[in-house]
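Quick note on labels: first sequence line is chain A, next is B, and so on, each numbered from 1.
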Protein chains: 2
Amino acid sequence: MLRLTKRSEYGLMALAFMAQSGQSYTSVREIVAKLRIPRRLLAEVLKDLSRAEIVEAVRGPGGGYRLTSPADQLSLARIVEILEGSVAVAKCADGSSCDLSPSCTIQEGINLVAQRVKSVLDDFTLAQLADRGPQGSQSVHEVAV
Amino acid sequence: MLRLTKRSEYGLMALAFMAQSGQSYTSVREIVAKLRIPRRLLAEVLKDLSRAEIVEAVRGPGGGYRLTSPADQLSLARIVEILEGSVAVAKCADGSSCDLSPSCTIQEGINLVAQRVKSVLDDFTLAQLADRGPQGSQSVHEVAV
DNA sequence: TGAATGGGCACTAAATAGATGCTATATTCT
DNA sequence: AGAATATAGCATCTATTTAGTGCCCATTCA
């Protein structure tokens with residue numbers, strides 16, 4: 001339905017929280033306490049972000065996650081791609097040609113649309129997302145470098 | 001996954017086909033023969049488009065559907081909205097506030113993203129979509145007025 | 001050693017999307 | 001009138017995707 005999944009929502013919420021918090025490491029427990037989202041699911045999401053090196057993890061007491069790069073250098077496209085595979089508007093717009101309909105005439109156009117949607121996400125950074133929250137407009141850009 | 005449903009895909013394919021064909025009325029049978037998509041599903045889609053007055057229907061031999069307005073005056077946003085309810089990138093971006101997380105800080109940002117994605121679809125017309133097909137660059141703009 | 005914290009794996013449940021069957025109604029043609 | 005062509009409506013079934021959970025392991029630190 002042209003909609004982001006919960007994984008993306010949760011991931012973005014968590015990352016924005018980290019960007020805003022200013023702490024060095026933020027644990028799943030803390031995020032869950034603040035954002036009220038399913039603990040285990042958030043853990044899955046953060047694990048994926050950790051694998052993709054969007055965040056780095058430290059175990060043990062005092063541990064948790066932190067961003068590996070400045071929030072203004074992290075695009076939503078990157079995050080969403082990691083969390084839901086791709087941002088393709090249609091299956092035929094991710095490279096795999098539209099085998100279903102050899103005579104489909106809209107593929108080229110759809111691809112263009114897909115590209116534009118992608119650009120929107122490419123151009124939107126985590127910092128921009130976080131800046132608009134309640135604690136926004138502070139120091140999101142320099143956090144967690 | 002930020003993806004259009006089959007309903008939208010089929011709808012767009014069919015509408016583009018109609019825009020390109022130059023015929024007055026195009027039947028489901030003809031479209032199916034050409035595009036190889038599930039007949040009954042396409043019928044559902046066209047019925048919805050008919051209800052929304054994107055196309056008008058005529059029954060009986062020689063009947064079928066035709067666009068009610070020029071292809072260059074029909075945005076993808078309009079079509080997609082009809083076929084899948086809305087184009088909201090997140091549930092909290094369609095008016096209904098994000099009740100799940102009172103402390104969600106990204107709502108405002110997500111809304112902005114949603115708006116931009118919407119713009120992409122608002123600015124892309126059926127004519128643009130159809131023009132890129134094999135029979136493109138002809139007379140799509142003046143068809144079926 | 002024990003408490004805190006992430007990592008991995010497998011699984012269930014819920015929601016959404018895709019597809020189809022059947023019958024009714026309108027229109028045209030013979 | 002009757003047959004053929006088309007869309008309209010409704011219900012339903014299935015498949016796929018998404019959401020959410022349980023359990024145990026590994027690491028770190030006091």
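Within the 4.0 Å cut-off from OP1 or OP2 of D:dA8, at least one side-chain nitrogen or oxygen of B:Y65 is found. The side chain of A:R29 places an N or O atom within less than 4.0 Å of a non-bridging phosphate oxygen (OP1 or OP2) of C:dT5. Between B:Y10 and C:dA19, a side-chain N or O to OP1/OP2 separation shorter than 4.0 Å is present. Between A:R7 and D:dA19, a side-chain N or O to OP1/OP2 separation shorter than 4.0 Å is absent.
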Side-chain atoms of residues 113-123 of chain B: list all donor-acceptor pairs with protein atoms under 3.5 Å, sequence neighbours left out, distances to 0.1 Å.
residue : atom : partner : partner atom : Å
B:K118  : NZ   : B:D122  : OD2          : 3.4
B:S119  : OG   : B:Q115  : O            : 2.9

For a quick test of your reading: what N or O donor-acceptor pairs under 3.5 Å do the side chains of residues 25-32 of chain B make, sequence neighbours left out?
residue : atom : partner : partner atom : Å
B:S27   : OG   : B:E30   : N            : 3.2
B:S27   : OG   : B:E30   : OE1          : 3.3
B:E30   : OE1  : B:S27   : N            : 2.9
B:E30   : OE2  : B:Q23   : NE2          : 3.4

Considering only distance and modelled atom types, tabulate donor-acceptor pairs under 3.5 Å from the side chains of residues 52-60 of chain B, sequence neighbours left out.
residue : atom : partner : partner atom : Å
B:E56   : OE2  : B:R66   : NE           : 3.0
B:E56   : OE2  : B:R66   : NH2          : 3.2

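A search for side chain to side chain contact (heavy atoms under 4.5 Å, CB included) contacts involving B:Q73 returns B:P70, not counting sequence neighbours. Listed by chain and number, the residues in a side chain to side chain contact (heavy atoms under 4.5 Å, CB included) with B:P38 are B:Y10, B:L41 (sequence neighbours excluded).
In this entry the distance linking CG of B:L2 with C1' of C:dT16 reads 16 Å, nearest Å. If you measure from atom NZ of B:K47 to atom P of D:dA11, you get 11 Å, rounded to the nearest angstrom.
Of all the residues in residues 50-59 of chain B, B:R59 reach under 4.0 Å from DNA chain C with at least one non-hydrogen atom.
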